[in-house]
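Below is one structure, written out as structure tokens; comments come after it.
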Amino acid sequence: MFRKILIANRGEIAVRVERACQEMGIRTVAVYSEVDRHALHVRCADEAYLIGPPPAGESYLVIDKIIDAARKSGAEAIHPGYGFLAENPTFAERCEKEGIKLIGPSAHAMRTMGSKTLARKTVRAAGVPVVPGTVEPIATEEEVFRVAGEIGFPVMLKATAGGGGKGLRLVRGEEDLRSSLRMAKSEAKSAFSDDSIYIEKYIENPRHVEIQILGDRHGNYVHLGERECSIQRRHQKVIEESPSVVITPQVRAAMGKVAIDAGRAANYEGVGTVEFLVDKEINFYFLEMNTRLQVEHPVTEMVTGVDIVKEQIRIAAGEKLSLRQEDVKQTGHAIECRVYAEDPDRNFMPCPGLITSLRTPGGPGVRDDSGVFEGFEIPIYYDPIISKLVVWGKDRQEAVVRMKRALGEYIVTGVKTTIPFHIRVMNNQHFLEGNFDTNFIDKVFFQEERERELPHFHVAVITAAIQLFLDERKQAIARRPVGAGEPASLWKYSSRPGMPKFR
Amino acid sequence: MFRKILIANRGEIAVRVERACQEMGIRTVAVYSEVDRHALHVRCADEAYLIGPPPAGESYLVIDKIIDAARKSGAEAIHPGYGFLAENPTFAERCEKEGIKLIGPSAHAMRTMGSKTLARKTVRAAGVPVVPGTVEPIATEEEVFRVAGEIGFPVMLKATAGGGGKGLRLVRGEEDLRSSLRMAKSEAKSAFSDDSIYIEKYIENPRHVEIQILGDRHGNYVHLGERECSIQRRHQKVIEESPSVVITPQVRAAMGKVAIDAGRAANYEGVGTVEFLVDKEINFYFLEMNTRLQVEHPVTEMVTGVDIVKEQIRIAAGEKLSLRQEDVKQTGHAIECRVYAEDPDRNFMPCPGLITSLRTPGGPGVRDDSGVFEGFEIPIYYDPIISKLVVWGKDRQEAVVRMKRALGEYIVTGVKTTIPFHIRVMNNQHFLEGNFDTNFIDKVFFQEERERELPHFHVAVITAAIQLFLDERKQAIARRPVGAGEPASLWKYSSRPGMPKFR
Amino acid sequence: MNYIATIGDREIKVTVEEVGVARYLVTGEGKEHLVDAHQVQDSIWSILYGTDSFEVDVQGRDEEYEVLIDGDCYKFSLMNEQRKALIRAGRKGAAGKALVTSPMPGKVVKLLVAEGEEVQTDQGVIVVEAMKMENELKSAVTGKVKEIFVKEGEVVESGAKLLLVE
Amino acid sequence: MNYIATIGDREIKVTVEEVGVARYLVTGEGKEHLVDAHQVQDSIWSILYGTDSFEVDVQGRDEEYEVLIDGDCYKFSLMNEQRKALIRAGRKGAAGKALVTSPMPGKVVKLLVAEGEEVQTDQGVIVVEAMKMENELKSAVTGKVKEIFVKEGEVVESGAKLLLVE
């Protein structure tokens, strides 16, 4: 087993990996940019190396700096977490060259699955069902129009190097194709410095269900069942759960087998996730394979009892899988809510800033994977994730009420967070019934929210009035010139979700 | 099912019960004394009633005030938590008279088990093995000397109404008997306003193992296995775990059967705990039965997946047990550390005060049942418990390293806490080997701690020096008169545990 | 003290009177309520509204309040009566004017309109990027782009003036 | 700046020199260390001792420090050289004197000795109750009870003088 591991990441996932290492008796090495000196992943590590200025492009994404820190610290392995260099084959090759074990799959597997088009080719050859569309990146606008015509609208434009919902555009008709292509390419360029795009038939109202697999270098594979990831906004997952209400044991077994086949097809070593689109008839189509530890891995840990990060490290150290397929049992139900520093009442605008107070939820069945603490300033340079709140219940009903309870206990002040959004989802009838697809949030939820009456308007106004009463008494506050209040009061006021109605 | 429940308690256990109620859709009513207006159990409740001045004797222990709040709020049931009125038969009778359901056993069962002597009589009749000693409270000093002579030293003096280690005295020889009796009686008087004492043979180096039982009013009983509670200081539990390393499946089954027999003997309804002393040969003797929800119930919840508080509420509502004995499975290993506002380096002196900063542990397998938040002032009037930190691991080894990891993440400043003490226990070789008994902390652990060298003395001094350097530069601090530094420096300095040695 | 809360086109008058330590008699829409209010943690208030317990997160800048209770966000403006009267005066003739400001720190990626151009309510006028997400900001009113305060590529603070529609 | 740390009967000289923002060159027992020190949360410091990362909880009142690292409590006195010299002078003739103080707020339950009585090191001299626990405080030295500052039943603050043994 490794004696020392460098974690080439930051925030909650770096902390998650450090926790696994500490429990395995492995020394941890953190890397940090200039704004992250106070960050939790630095405070909790055994060693820490400064790797440059705040922008990821000058620190967390610079291979030379990561390798240099690994060499100086004598780390035998590097855990990339997710994002940053996690699915970068060049980095994987460099690690190999330097004789440092990258905790993840081979560069070859990353390349195969990293290119959506090559991935589709590969798994299709292995008998995995895929969505109709191109398997090659598309060169010209003309070609886009031709292919779209062939497979028929609606179509999806996707960044070949894509992930995390970036460089994705749904196009319902020819008229939007040109502008959407421009946006997709520009986003892809800025996010992955690669603007190549491919096109796919768009499955109407699909569910997004994924299978977690583990594979060792001895050719053993197991799957840990599915995660239901259909609760998305702007094509980005925000709530995940396991099991999925629509997946029967038979379908689960079939998806698991296919997922493992996909893994084998790429000689996959480590932990990986095979994503599927599931239509109304519960047909499933391969969407992509993520060759990394997934943000939402904890929901699977909660229902299977398997510590996925520890397994990942053992696999990287060359050990055989510690469990066989028949050892894997799903018990109860788990849900994860991703808590971001975003304002759900202003179209999820990012809200970086200082966390002025914090109360994390506790009690039975509650797990908080956080990257912050009271007094931490969330930098503007990285994804604004605060923590992943995960609950376990003996069934879905208990898990949902428990999540609602935990979200109610969760206090984060100083920055806006998505906690209120999650509470509203937990209260939504369709969600409670498990009746949703990937369009639920954008198409259904916000509509219903707009109609909803808010119950405690008087308490809200009265509390604000008491605060104002005390403020005014404390001092006559220097006020802004008359009328300057408008911008705030006019800013998209009319379309704010959750607006109370009066009759 | 009840629509509204009043929780006649405060702190972490009140919060724990509120959580269960919220998840069951039951409205919660908190009661609070004048110092507890800001307390978490008030903030998290649906309703709250002020019941008087800080001293428990004028608020949480005043039956009329609790009943009055229940009536005003329309609560159909009262959950007493532990301590305060939890095992008070008069209160139970009053609730019955008022037509309010007390969530706990009958007054009769409380009386039977509440009097240690009557309890011993009752369970002995039911065939439960008990420790040799008196079954009646002892009237005179003379009698104490006589009985002690009969059963032979060492003997235990115990408050008949006792609990929580109060009014307990071990006497090794006749010479200490008189003074110990005085201390025991005075403590019993102040703690339970009842100074009656009984005497028992003292089992040398026993383990303390207890069985959690559930019983409904339809005569169904199950046990949820054992809790190992041998890690005690001053006869008070500080660390509990399940399962116990010394209990085999056979012994577990035998203890479980006996525990249920004890419950039946008192017509016990609700959740209860039967405590046993276990000697070197794994003979077990009935010690006492606690007719309440136990502080350490979460360790059982973690290994069985049963929400004991919810079961307790369902039983009180007249429902049948939701599980049979064969449904009960222990999975993995759980450990609880009680985090108190006490100074482990000054003989566990209570340290009430303001919590100036807080970082609660998170990640996989960690549960924190807390009653505080950053900015909360721990009152001097009640037990100084801050929280119960509980972890689950697939085996004891993982549970121990996980607890160590979680304790390391746990930051509480402003008050001294027992967190450092727990970290040291998790590092102790005997504890790691599961090789301990109820004398471990007082007799073995502190001895070994005194011998241990501390590894990071330089970092400690250097950090303090940097702080002093910055303080001095900030301002010339007004200093105290020369020599006044002595009290602190002399206070039991010589016997502080964890003193570094230099060679 | 008298306050006016404005939510959408509706106004509520609230009177606050201190009647004890952290205890207030509050009158709103004819009803009287005894409120026990403690600011327990930063912007978090523990409110006993009668005997009902609420945790209330009050965030106000200037007269605009955003209050969170049980995950619901209550947005309204609140000011004392005199102040309200002043505002009413000040508002005269400003109708149909809308300043588009940046709701977060970020970078101006693209201007979608030019000065003098006609825009409709909710028409996208500018794209601001933060944390690699492009956000299209819309005009709140119908009118003409009077002035543009920023250039493409410019980094802007939260609340920065971007452009004015009149 | 030069400091003297005293632990038991041992003294360590430490020199602190600021060499950058939150960076210090620290010399102790002949060895030099580059230390990056940030007070991140109340009394908690994040220390990079070279590249080794520590979380250090520094609690000091007057010159007495209690420092927590990984659950271990390091207790020592620390002051600058000049101050140390003064103390040395001040200490003269004070040997064998011990003031017993209350380590927590509580109530004096029982005095176990009277003024003028002879006591041994670690002999119990007074019982203080806090949170229903009786705590017997012991004398740190052998000597005679010089003065008793409290009465039975009296409520005392943390750090209150209880009695003096000389």
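Below, chain A is the first sequence line, B the second, and so on; all start at residue 1. From a predicted model like this one, the values you see are computed outputs, not experimental measurements.
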Exercise. Will you find, in the side chains of B:Tyr381 and B:Ser59, an N or O donor that is under 3.5 Å from an N or O acceptor?
Worked result: no
For this session: Name the region of D:Leu68, side chain, backbone, both or neither, that has any atom closer than 4.5 Å to a heavy atom of chain B.
Result: side chain
Exercise. With only heavy atoms counted, which part of B:Met183 is less than 4.5 Å from chain D, the side chain, the backbone, both or neither?
Worked result: side chain
Exercise. Taking all atoms of both residues into account, what is the closest heavy-atom pair of B:Leu468 and D:Met79, and its distance?
Worked result: CD2-CA, 4.0 Å
Problem set entry | Segment of D:Lys161 engaging chain B (4.5 angstrom heavy-atom cut-off) | neither
Problem set entry | Part of D:Val58 within contact of chain B (heavy atom distance under 4.5 Å) | both
Exercise. Is there a side-chain contact between B:His422 and B:Val238 (heavy atoms, below 4.5 Å)?
Worked result: yes
Exercise. Tell me, side chain or backbone of B:His458 under 4.5 Å from chain D's heavy atoms, or both, or neither?
Worked result: side chain
Exercise. Are B:Arg234 and B:Phe348 in a cation-pi contact, defined as NZ or CZ under 6.0 Å from the six-membered ring centre and within 45° of the axis?
Worked result: no
Seminar exercise, completed: Of the listed D:Val109, D:Val14, D:Asp70, the one with the largest count of heavy-atom pairs under 4.5 Å with chain B is D:Asp70
For this session: Examine whether an atom of B:Ile411 lies under 4.5 Å from a heavy atom of chain D, and if so say whether it belongs to the side chain, the backbone or both; otherwise answer neither.
Result: side chain
Exercise. Rounded to the nearest 0.5 Å, how far does CG of B:Asp442 lie from NE2 of B:His235?
Worked result: 7.0 Å
Problem set entry | Criterion ring-ring contact (aromatic ring centres under 6.0 Å, His included) on B:Phe421 and B:Tyr340, from CA distance to verdict | CA-CA 10 Å; B:Phe421 163 78; B:Tyr340 285 99; over 10 Å; no
For this session: Would you mind telling me which of D:Thr15, D:Ile44, D:Asp9, D:Asp52 has the largest number of heavy-atom pairs within less than 4.5 Å of chain B?
Result: D:Ile44
Problem set entry | B:Gln429 side chain reached by B:Glu448 side chain, heavy atoms, under 4.5 Å | no
Exercise. Taking D:Glu29, D:His33, D:Glu18, D:Met1 one by one, which has the highest count of heavy-atom pairs under 4.5 Å against chain B?
Worked result: D:Glu18
